[in-house]
Amino acid sequence: MPKLNIRKGSKIFNTGKITLHALQDINLSIHENEFVALVGASGCGKSTLLRIIGGLESFTAGDVSVDALPIVDPGLERAMVFQDYSLYPWLTVAENIRFCRELKAHQKDNSLRATYHAIGRAHALMELMGLEHISNAYPNQLSGGMRQRVAIARALMPAPEILLMDEPFGALDAQTREVMHELILHLFAQERSTIVFVTHDVEEAIYLANRVVVMAPQPGRIDSIYNVPLPPAGQRHLDMKLAPEFLSLKKEILQRIRATARVHTDAGLLDKLTKPHHHDNEEGRSL
Amino acid sequence: MDFPPDTLHSTAPPPARAPTPHPAPLWAVRGAMSRKMHVAFAVLGFCAVLAVWLGLAESGWFNKVFLPRPQDVAQRFYTWLVEDDLLKDVSISIYRVMGGFMLAVIVALPLGLMIGTFRPVQAFFGPVMEFARYLPAVAFVPLVMLWVGIDEGSKVAIIWIGTFFQMVLMISEDVHRVPMAQIEAAQTMGATREEIITKVILKSALPSIMDSLRVTMGWAWTYLVVAELVAANSGLGYAILKAQRFLQTDKIFAGILLIGLIGLVMDQLFRWVHRQRFPWLYA
Ligand SMILES: Nc1ncnc2c1ncn2[C@@H]1O[C@H](COP(=O)(O)OP(=O)(O)OP(=O)(O)O)[C@@H](O)[C@H]1O
Ligand SMILES: [Mg+2]
């Protein structure tokens, strides 16, 4: 039985006069301990799909379920890491990570043992993420990469079964990204959770995921799904990005995205814009 | 508002500056300044105003009745303090401002929080508040005297009318500006509605609410003077009015300066509390 199951999902946004088909006939099954990446042109509904899985929004029609139980709102078995920084600036790094312990939903078991366990987990997560030395810093004192580590640690604190991430590294530079990739793979191998990961970066998607789902816009739909022919998470390393099967898969996916994106570069227009001006008059006429 | 939404922060670490061998130029665009220098410039600003005043008053171009000299004002200030019970005037005025302001805060805080959080409450109260904001508080004075009488209640009521509606709107704006990402993060962690309000929205908006209160406090002083000018027999505003009857311009000056000074102290107090309570904004 799949961990996460989406059947005939569709989402329509009605904003005033405009009706927008953000998602149409989405069918996707994700198994336990699987890492699925969603890629696709901007506006194809990746974030919307992830938010629906997270319970922050719902399908207009269709079903989405975890362990065969329909998703109606956010649940403790799912955690989300957002595109932008959703950390609480008034809390220190350690307090941000422990934030969920302040909530009633996580205080069902208030025994000493559970509390010790939580403290231990918070420490372990900080250590894993390389955050111990800044545990008392405030988020606005940190770099973008550090902040996103805190956000991931906060999401992992309640040991969620499913981790949903929306372009978590979208704002980071290439080097920081690579470090974060290793971290995520390490985490994935250790925590054995199920991950759905939205990204623009095809290389990132292939390097991290077991399966890459390519989505297409207008209306938002699943275009194709690729299995990644790489070893499991714990055994991947950076050199594999140069392997021929990696590169050919990357090329194939990029071509699919380009074909579905419906954005064409008008070479003639570009030429016009960049050519040196010969004659001001002539230029004026031709434009 | 000096509350930086976390989401707006640039993600790249700040570029490392080359070490500056000599102190940074004073006139750099948005340049930095040492604390000492800052204080020096502020004192200089006050001195400049004082110097201009002194110059004009001593020039002999103006009648002393219209423009008293600084030293006359200081002298009057002293006699007011020792002979005329200045402290009683000051304390009754502060008491009224605090009364009206606090009553406004007690109602405006929960109401603003609800307006900024729940759409139905916003739709219900928002337009009414927007309308009430434009009602001239000063014009309420005769009405208030009719309704409440001329004792303490009327001054407090005028200050309340003058500050409350603005305060509600400003607080609801502050609450409304809490980034959705912060709220949704709490939702995905299973926070209840009450928890989202108390542990996220209120915490996130508090620094800007505090700033809004600081600004409205300034208006409260304005309305205090209005109330005391027309309907009081004590307080700083009343003292100024009485001084006018006796053509004691120096006392009018002293009263005005004193109100300005108290306002400045209050403002600085607010800022100090802001720095103490919200250290992450200054870290
Ligand atoms: N709350 C909303 N109301 C109206 N339209 C929306 C809303 N949220 C998303 N949309 C629209 O739905 C479509 C899909 O948006 P979505 O954010 O899911 O795309 P995306 O694939 O995540 O894009 P990107 O890669 O740029 O993040 C877009 O056309 C967007 O304008
Ligand atoms: Mg998106």
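Sequence lines set the chain letters: A, B, ... in the order given, protein chains first and strands last, and positions in each chain run from 1.
A 6.0 Å sphere centred on CZ of A/F13 holds more than 12 heavy atoms belonging to other residues, nucleotides or ligands. Within 6.0 Å of CZ in B/F118 there are more than 12 heavy atoms belonging to other residues, nucleotides or ligands. The environment of CZ in B/R277 is sparse: at most 12 heavy-atom neighbours from other residues, nucleotides or ligands sit within 6.0 Å. Heavy-atom contacts from other residues, nucleotides or ligands closer than 6.0 Å to NE2 of B/H176 number 12 or fewer.
With sequence neighbours excluded, the residues that form a ring pair (Phe, Tyr, Trp, His ring centres under 6.0 Å) with A/F169 are A/H181, A/F197. A/K11 meets the salt bridge (charged side-chain N to carboxylate O under 4.0 Å, His left out) test with A/E57; sequence neighbours excluded.
Atoms OG1 and CG, from B/T188 and A/L76 in turn, are 10.0 Å apart once rounded to the nearest 0.5 Å. Between B/Q187 atom CD and A/D73 atom CG the span is 9.5 Å, to the nearest 0.5 Å. Rounding to the nearest 0.5 Å gives a distance of 11.5 Å between CH2 of B/W280 and OG1 of A/T92.
Looking only at heavy-atom pairs under 4.5 Å with chain B, the residue among A/L103, A/V81, A/T176 that has the most is A/L103. With chain A as the partner, the residue from B/T192, B/V200, B/L206 showing the most heavy-atom pairs under 4.5 Å is B/V200. In terms of heavy-atom pairs under 4.5 Å with chain A, the best-connected choice from B/G190, B/A185, B/A191 is B/A185. Chosen from A/Q141, A/R78, A/M157, the residue pairing most often with chain B at heavy-atom distances under 4.5 Å is A/Q141.
A distance-only check finds a donor-acceptor pair linking the side chain of A/Y88 to the backbone of B/Q182 [under 3.5 Å]. With A/N140 contributing its side chain and B/L281 its backbone, the two residues share no donor-acceptor pair below 3.5 Å.
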Per-pair distances, 0.1 Å, donor-acceptor, side chain in residues 101-117 of chain B, under 3.5 Å, sequence neighbours excluded:
residue: B/T117; atom: OG1; partner: B/L113; partner atom: O; Å: 2.5

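The two atoms that bring B/E195 and A/E102 nearest to each other are OE2-O, 4.1 Å, heavy atoms only. Residues B/M189 and A/F99 approach most closely at CE-CD2, 3.7 Å, considering heavy atoms. When all heavy atoms of A/W90 and B/K199 are compared, the closest pair comes out as CZ2-O, 3.5 Å.
Residues of residues 35-45 of chain B lying under 4.5 angstrom from chain A, judged on non-hydrogen atoms, do not exist here.
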